[in-house]
Each structure stands twice: as structure tokens, then as C-alpha cells.
Engineer: 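This is the structure I have questions about; it appears just below.
Below, chains carry the letters A, B, ... as their sequence lines are ordered, and counting in each starts from 1.
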Amino acid sequence: MHDINAIRQDPDAFDAALSTRGVAPCAAELLGLDDGRRAAIAEAQQLQTKRNEASKKIGQAKGQGDEAEAKRLMDEVAGLKDALQKAEEAERAANTALTDALATIPNLPLADVPVGADEDGNVELRRHGEPKAGSAEHFEIGEALGMMDFEIAAALSGSRFVVLRDGLARLDRALGNFMIDLHINEFGYRENALPVLVRDDAVFGTGQLPKFTEDLFRTENGYWLIPTAEVTLTNLVREQITDATKLPMRLTALTPCFRSEAGSAGRDTRGMIRQHQFTKVELVSITDAESGADELERKTQCAEEVLKRLGLPYRVMQLCTGDMGFGARKTYDLEVWLPGQNAYREISSISYCGDFQGRRMNARYRHEGDKQTHFVHTLNGSGLAVGRTLVAVLENYVNADGTVTVPEVLRPYMGGVEIIGEANG
RNA sequence: GGAGGGGUGGCUGAGUGGUUGAAAGCGGCGGUCUUGAAAACCGUUGAGCGUUUACGCGUUCCGGGGGUUCGAAUCCCUCCCCCUCCGCCA
């Protein structure tokens, strides 16, 4: 959600920034709605003042037992009621119109974000590790091991689901535990166990609603299944004034995520890359206005560290203006090397949202002794997507005989198993 | 799922139609006193929005939304949440 006052101060800058995302100029329209809104407020308030004064006098007259005077005053303001109701109705309508318009406009990119139309405009910032030569694809490896079953998953649930067994089921669990332990033990994140079903307000707060309903699953009685724990973690501070001494808050959770993948028909149909359900370790930070941008760099390093310790080659991309998500002001993607595809594939996306989500959630903070409140700044990032990490481990660690070596750091989480596909793995 | 009871400011808790943004207490902040602190005493202490160069003025908010009324924390409708008992249940 944008600040209409900021738009009023510099409408041209607003439109210019939006245009880098391919959004048509809309400041003029917004300011028109805002003028209407403020006129309606002024009108309603004037009438309210009149009414309040009259009511006060009536109260006084009644208090003194002067019924005749009270009656005279009541007759005097009788006509006010209708006008007031109309004015208040107009105020509500004008407010809604502006809010609705603002709610569907994406966030503004930071000034240092490269301008571009789509993913071709993204900029590679750095690489880590040596990409290996091609391997089998992860689903070939998994199916050969007899531990990855798309057929039975389809029978249960349809396409874009998978059943993992034995060593791979355990590897999946080990990956999630390893990641979350790293973040809570070494990077100061606090672990949360959270609902995966949430209501409208929460999903509006992080920006998936009202625009992106098709991407989400919804229960019959109106709950949304979270597409990412960003929704639940970020909304933990909604509708509150947080003491600034508690910032930055660094929050993490290991949860399942649910995505309808509407509109991605035909893409990544084979394998575990794009599923309706996957587990992910999410990293959210709640910061003040000053430290948000720095926190993005820190969070990116936290996510990178997971890949480093797993020994997976990757590169860091900075997304251009046209490829960033709705709520982001600046985004880094981590792309892991997949020998099976001979390509880098996204495994984490880390974004700084400024106060965009803070406004939508009415989440504020205050410095000690200050009267002024500010909207919190928020960041989110995957640290990492567990399913895709499993894919990367399979393709990077597969052996010539089809078994898979377990990365060293995961072995404590695997009960000491070193090779998946051998007798005890 | 059935029956009942509740949601008031940072907290506790009064308030069932009239100058109530809201008593009182606690907490917080400032001051007096004190070498300092405590105690005591005095004062102060919610969040938005509109308007104004500013001081200020106005307005909204007592779980959310709508309504009745000249006037609503108080009455009505509706939704949400919490608690107790019963039922069911991992």
C-alpha cells in the first residue's frame, strides 16, 4: 500500500518509478480520488460539528428540565440528519475508492534496481562453487532409487504432487532441520510454529490479496492456505505498535507452502521443481526504516550460507524492475546449479519491501520516548525452499551407480547415513 | 456441534442513551523534596484523520462493520474473537 501523501508530494516521481515496472501512470487518477475523499471528509466533519453542538445544547436543556427549549432545538437540527447521513456515506465511498485503487498498485523499486522488462534484465552479481557437468535429472535419480513416486501421488492428489520414501523422505526432513537450525543457532533468527490456514486480512497484509487470488488455495469455509510462511511470519506484528528496541525482529519457520500454479501449465511439469505443496524455511525480518536495506544484504548471506555448507554451486542474481514481485522494492534471487538441467534454477528469493506491507497490516513501531509512530519495514526470503534443495542435492551428489552421497553437514540429521541407496540408506 | 458468559485506554477495572476520549487504581514521564535513591506530594500520560506557515481548531475511534436517535461505550442487526459447561476428538 502506498502513502497517498507521498504521491501528492511528488506525483511525477511516483509515475516514473512505476513505469520502470511496466505500470501505466496513475498518479493523476489517484490524486483525483484523494481530492474527492478530502472534500467528502471536510463536508462530513462540518455537519458533524453542527450536530454535536446542537446535541450538546439539547442535553443541557434537558438536564435543566427545560423541555420547551429542548424541543425547539430538536426541531432546529431535524433537517441535519439526512444531509449528515449522505455526507458520511459519501465519505466512506470516497475512502473505499482510494484504498481499493491503492491496494492493487505494486511497490516502487529502489533507485539502485536495474531497469528491465523481464527476467532477461536481471543482473548476475556473483557466483560460488564450480558447476558440474550434466547428470541425470532428479526425478530419474529418485525414481531409480525407488524413493520418489509421482504416479501414486497423482492417484492420491493429481499432478504436481510427489511421494517420497525412505532415504529421500528422510533427506527432505534432514534438509529442513539443518536449515532452520543454522538460522536459529548462528544467525539470530527465532523459530516459530505457525498456522498454515489464514484469513483474508493476513493475505492482504503481505500483498497476495486482492490481486492474486488465483495463485492461492482456499478452503470451502474461507481460509487461505499460505503460499509461503512470509504471510504468517510477517503478520505477526500486524495491528500493533512495536517497541523499537525489539527491532530488528528476525523470524523463521519451517512450513508447508501451497500454490495453485495457475498460469504455469506446461512449465516444469516433470519432477519436483514446481509443486502444489512444498516445504520451505522462511526468513522474515521486521526492521525500522533506517536498517531495512542493510538487512537485505545480511539476509541474503544467511540464505547463501545454506548453499555453501551443502556444497551446492550457485549464483546471486539481482532482479530488474520488471521481474520483481508485487510487494518488493529490491530483490535478490539465489539460483542453484542443477547438473540435470545444465542450468541455474531459483532456489531462494529475498526481498526488501520497505513499509509497503507495514501499511497494509497497520504494523507500526515507535522509538522510546517518541510520540511519533512509523510503519515497520519488512523483508522476506527463503532460506531455502526444501524441495528444490533436495533436487539440487540429488543432481549434484549422485554417484555413477545411481546412489546419492549425503552432504557432510546433513549426516547428523540422517542418523549417520552417508550414501542413499545402499543397504542402510 | 449444543448451552451460557464476555470483549472498555500500556495493564486492572467503573460506566446501560446527554458537555464521557471515557472514573479510579497500577504502570510510564516530568517536577518538588533528597548528597543520591526510596517514600510522599504535585503535574502529565491513547491512536488516527482533516485543516492550518504555525499556535491551534475540528473530527473519528470503547472487538470489526452496519443501523436506530437531535445525541450511542450504553439500544438493534451482523460478523470476529475469548471464557465456562456438555458432546465429539488427534
Side-chain angles (χ1 to χ4, degrees), chain A residues 1-9 30-103 193-205 209-210 218-224 232 235-247 256 355 358-376:
Chain A
M1 187 80 77
H2 289 287
D3 177 9
I4 186 64
N5 292 316
I7 299 172
R8 211 190 312 161
Q9 269 171 24
L30 292 170
L31 292 185
L33 289 171
D34 185 46
D35 284 343
R37 173 184 142 267
R38 287 188 294 153
I41 289 172
E43 167 81 12
Q45 288 192 352
Q46 248 174 24
L47 293 170
Q48 283 164 341
T49 306
K50 275 192 200 168
R51 178 204 61 193
N52 290 347
E53 283 170 355
S55 296
K56 216 171 251 188
K57 281 186 194 157
I58 292 169
Q60 283 168 353
K62 288 222 171 189
Q64 293 162 4
D66 189 348
E67 289 297 326
E69 173 68 359
K71 180 77 172 63
R72 194 188 65 72
L73 288 163
M74 280 165 69
D75 290 343
E76 201 177 295
V77 294
L80 216 62
K81 197 180 161 189
D82 231 33
L84 220 193
Q85 271 180 347
K86 281 204 181 88
E88 286 179 341
E89 175 54 38
E91 182 188 339
R92 274 197 291 273
N95 241 323
T96 306
L98 178 63
T99 308
D100 287 355
L102 285 172
L194 300 161
V196 295
L197 261 36
V198 296
R199 41 158 126 246
D200 294 0
D201 288 344
V203 191
F204 179 88
L209 246 48
R218 189 169 202 228
T219 67
E220 270 186 24
N221 54 355
Y223 290 113
W224 300 95
T232 27
N235 274 281
L236 252 21
V237 294
R238 79 188 333 270
E239 289 165 40
Q240 299 164 45
I241 301 174
T242 303
D243 195 315
T245 57
K246 294 192 174 143
L247 305 178
D355 65 3
R359 278 176 198 287
R360 296 173 82 98
M361 300 186 297
N362 193 214
R364 292 166 290 169
Y365 70 93
R366 176 163 46 199
H367 288 290
E368 198 166 359
D370 264 13
K371 215 172 151 63
Q372 182 80 25
T373 61
H374 313 271
F375 289 106
V376 299

Engineer: Could you give the distance from CG (A/L197) to CZ (A/R218), rounded to the nearest 0.5 Å?
Structural biologist: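 Reported value, rounded in 0.5 Å steps: 11.0 Å.
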Engineer: For B/G66 and B/U52, measure between their C1' atoms and round to the nearest Å.
Structural biologist: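 So the two C1' atoms sit 34 Å from each other.
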Engineer: Counting distance only, does the side-chain N/O of A/R360 pair as donor-acceptor with the main-chain N or O of A/A103 below 3.5 Å?
Structural biologist: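 Side chain of A/R360 to backbone of A/A103, a donor-acceptor pair under 3.5 Å: yes, one is there.
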Engineer: What's the spacing between A/L30 CG and A/R37 CZ if we round to 0.5 Å?
Structural biologist: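 Taking CG in A/L30 and CZ in A/R37, the distance rounds to 11.5 Å.
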Engineer: Return whichever of A/R364 or A/Q60 has its heavy-atom-nearest nucleotide of RNA chain B closer to the 5' end.
Structural biologist: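 Looking at the nearest nucleotide for each, A/Q60 comes out on the 5' side.
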Engineer: Between C1' on B/C49 and CD1 on A/I4, what's the gap in Å once rounded to a whole number?
Structural biologist: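 For the pair A/I4 CD1 and B/C49 C1', the rounded distance is 14 Å.
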Engineer: Checking side chain to side chain contact (heavy atoms under 4.5 Å, CB included) for the pair A/L98/A/I4: CA distance, chi angles, key distance, verdict?
Structural biologist: CA-CA 9 Å; A/L98 178 63; A/I4 186 64; 4.1 Å; yes
Engineer: Rounded to whole angstroms, how far apart are CG on A/D35 and C1' on B/U51?
Structural biologist: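 Atom CG in A/D35 sits about 14 Å away from atom C1' in B/U51.
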Engineer: Write down the distance between CG (A/N5) and P (B/U51), rounded to a whole number of angstrom.
Structural biologist: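 In whole Å, B/U51 P lies 9 Å from A/N5 CG.
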Engineer: Rounded to the nearest angstrom, tell me the gap between atom CD in A/E239 and atom P in B/G10.
Structural biologist: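 After rounding, the gap between these two atoms is 14 Å.
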Engineer: Looking at A/R37, I'd like to know whether one of its side-chain N or O atoms comes within less than 4.0 Å of OP1 or OP2 on B/C49.
Structural biologist: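 So the side chain of A/R37 is outside the cut-off, no N or O lying under 4.0 Å from OP1 or OP2 of B/C49.
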Engineer: Sugar-phosphate means primed atoms, P, OP1 and OP2; the rest is base. With that split, encode nucleotides 59-66 of chain B 5' to 3' as B, S or - using protein heavy atoms under 4.0 Å.
Structural biologist: SS-----S
Engineer: Does A/K62 put a side-chain nitrogen or oxygen below 4.0 Å from OP1 or OP2 of B/G18?
Structural biologist: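 Result: no.
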Engineer: If I take atom CG in residue A/L80 and atom C1' in nucleotide B/C70, what distance separates them, rounded to the nearest angstrom?
Structural biologist: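 For the pair A/L80 CG and B/C70 C1', the rounded distance is 9 Å.
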Engineer: For A/K56 and A/T373, find the nucleotide of RNA chain B closest to each by heavy atoms; which residue's nucleotide sits nearer the 5' end?
Structural biologist: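 Taking each residue's closest nucleotide, the earlier one in sequence belongs to A/K56.
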Engineer: Can a side-chain donor-acceptor contact be found between A/Q48 and A/E88 if the only test is distance below 3.5 angstrom?
Structural biologist: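 Result is yes, a qualifying pair exists.
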Engineer: Could you tell me the separation between the CG atom of A/D75 and the C1' atom of B/U69, rounded to a whole number of Å?
Structural biologist: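 These atoms are roughly 15 Å apart.
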Engineer: Taking only the C1' atom of each, what is the distance from B/G46 to B/U8 in whole angstrom?
Structural biologist: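 Looking at atom C1' only, B/G46 and B/U8 are 13 Å apart.
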Engineer: Between A/Q240 and B/G10, is there a side-chain N or O to OP1/OP2 distance below 4.0 Å?
Structural biologist: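 Negative; the distance criterion is not met.
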Engineer: Could you give the distance separating B/G10 and B/G58 at their P atoms, to the nearest angstrom?
Structural biologist: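 My reading of the P atoms in B/G58 and B/G10 gives 24 Å.
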Engineer: Look through every strand shown and name the nucleotide pairing with B/A73 as Watson-Crick or G-U wobble, where both distances are under 3.5 Å.
Structural biologist: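 Partner of B/A73: none found under 3.5 Å.
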Engineer: Is any side-chain heavy atom of A/N362 closer than 4.5 Å to one of A/F375?
Structural biologist: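 Yes, their side chains come closer than 4.5 Å.
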Engineer: Write down the distance separating the C1' atoms in B/G64 and B/C81, rounded off to the nearest Å.
Structural biologist: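 B/G64 and B/C81 have their C1' atoms separated by 10 Å.
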Engineer: In Å, rounded to the nearest 0.5 Å, how long is the span from CG of A/L47 to CD of A/E43?
Structural biologist: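 Between atom CG of A/L47 and atom CD of A/E43 there are 5.0 Å.
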Engineer: Can you list the steps and then say if A/L31 with A/R8 is a side chain to side chain contact (heavy atoms under 4.5 Å, CB included)?
Structural biologist: CA-CA 7 Å; A/L31 292 185; A/R8 211 190 312 161; 3.8 Å; yes
Engineer: Using the P atoms only, state how far B/A73 lies from B/G25, rounded to an integer number of Å.
Structural biologist: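 So the two P atoms sit 24 Å from each other.
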Engineer: So which nucleotide does B/U32 pair with, by the Watson-Crick or G-U wobble rule with both distances under 3.5 Å?
Structural biologist: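 The base-pairing partner of B/U32, which may sit in any strand shown, is B/A40.
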Engineer: Given that both distances must come in under 3.5 Å, which nucleotide forms a Watson-Crick or G-U wobble pair with B/A23?
Structural biologist: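 Partner of B/A23: none found under 3.5 Å.
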Engineer: Mark up nucleotides 73-83 of chain B, 5' to 3', with B wherever a protein heavy atom is under 4.0 angstrom from a base atom, S wherever such an atom reaches only the sugar-phosphate, and - elsewhere.
Structural biologist: -------SS--
Engineer: Could you please name the partner base of B/A54, counting Watson-Crick and G-U wobble pairs only when both distances are under 3.5 Å?
Structural biologist: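 None - no nucleotide pairs with B/A54, as no candidate has both distances under 3.5 Å.
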Engineer: Under a 3.5 Å cut-off for both contacts, is B/G4 paired Watson-Crick or G-U wobble with anything, and if yes, with which nucleotide?
Structural biologist: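 B/G4 is paired with B/C83.
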Engineer: Test of understanding: with side chain to side chain donor-acceptor pair (under 3.5 Å), list the residues that count as partners of A/K62, not counting sequence neighbours.
Structural biologist: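 A/K62: no side chain to side chain donor-acceptor pair (under 3.5 Å) contacts found.
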Engineer: Could you let me know what B/G9 is paired to, Watson-Crick or G-U wobble, both distances under 3.5 Å, or none if it's on its own?
Structural biologist: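 Base partner found: none.
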Engineer: Atom CG of A/D34 and atom P of B/G50: how far apart are they, to the nearest Å?
Structural biologist: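 About 8 Å, once rounded to whole Å.
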Engineer: Stepwise, does the side chain to side chain donor-acceptor pair (under 3.5 Å) test hold for A/N95 with A/R92?
Structural biologist: CA-CA 5 Å; A/N95 241 323; A/R92 274 197 291 273; over 6 Å; no
Engineer: What integer number of Å spans the P atoms of B/C61 and B/A72?
Structural biologist: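 Roughly 8 Å separates the two P atoms.
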Engineer: Out of curiosity, A/E67 CD to A/R72 CZ, how far, rounded to the nearest 0.5 Å?
Structural biologist: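 If I round to the nearest 0.5 Å, the distance is 14.0 Å.
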Engineer: When the P atoms of B/U51 and B/A38 are considered, how many whole Å apart are they?
Structural biologist: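 One P to the other, the span is 45 Å.
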Engineer: Rounding to an integer number of Å, can you tell me how far A/E67 CD sits from B/C70 P?
Structural biologist: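 After rounding, the reported distance stands at 15 Å.
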Engineer: Begin with the C-alpha distance, continue with both residues' side-chain angles, and end with the deciding distance and a verdict on side chain to side chain contact (heavy atoms under 4.5 Å, CB included) for A/D3 and A/R359.
Structural biologist: CA-CA 8 Å; A/D3 177 9; A/R359 278 176 198 287; 3.2 Å; yes
Engineer: What interatomic distance, in whole Å, is found between C1' of B/G65 and the corresponding atom of B/C70?
Structural biologist: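 The same atom, C1', in both gives a distance of 24 Å.
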Engineer: Which one, B/U69, B/C49, B/U68, comes nearest to the side chain of A/I41?
Structural biologist: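 Output: B/C49.
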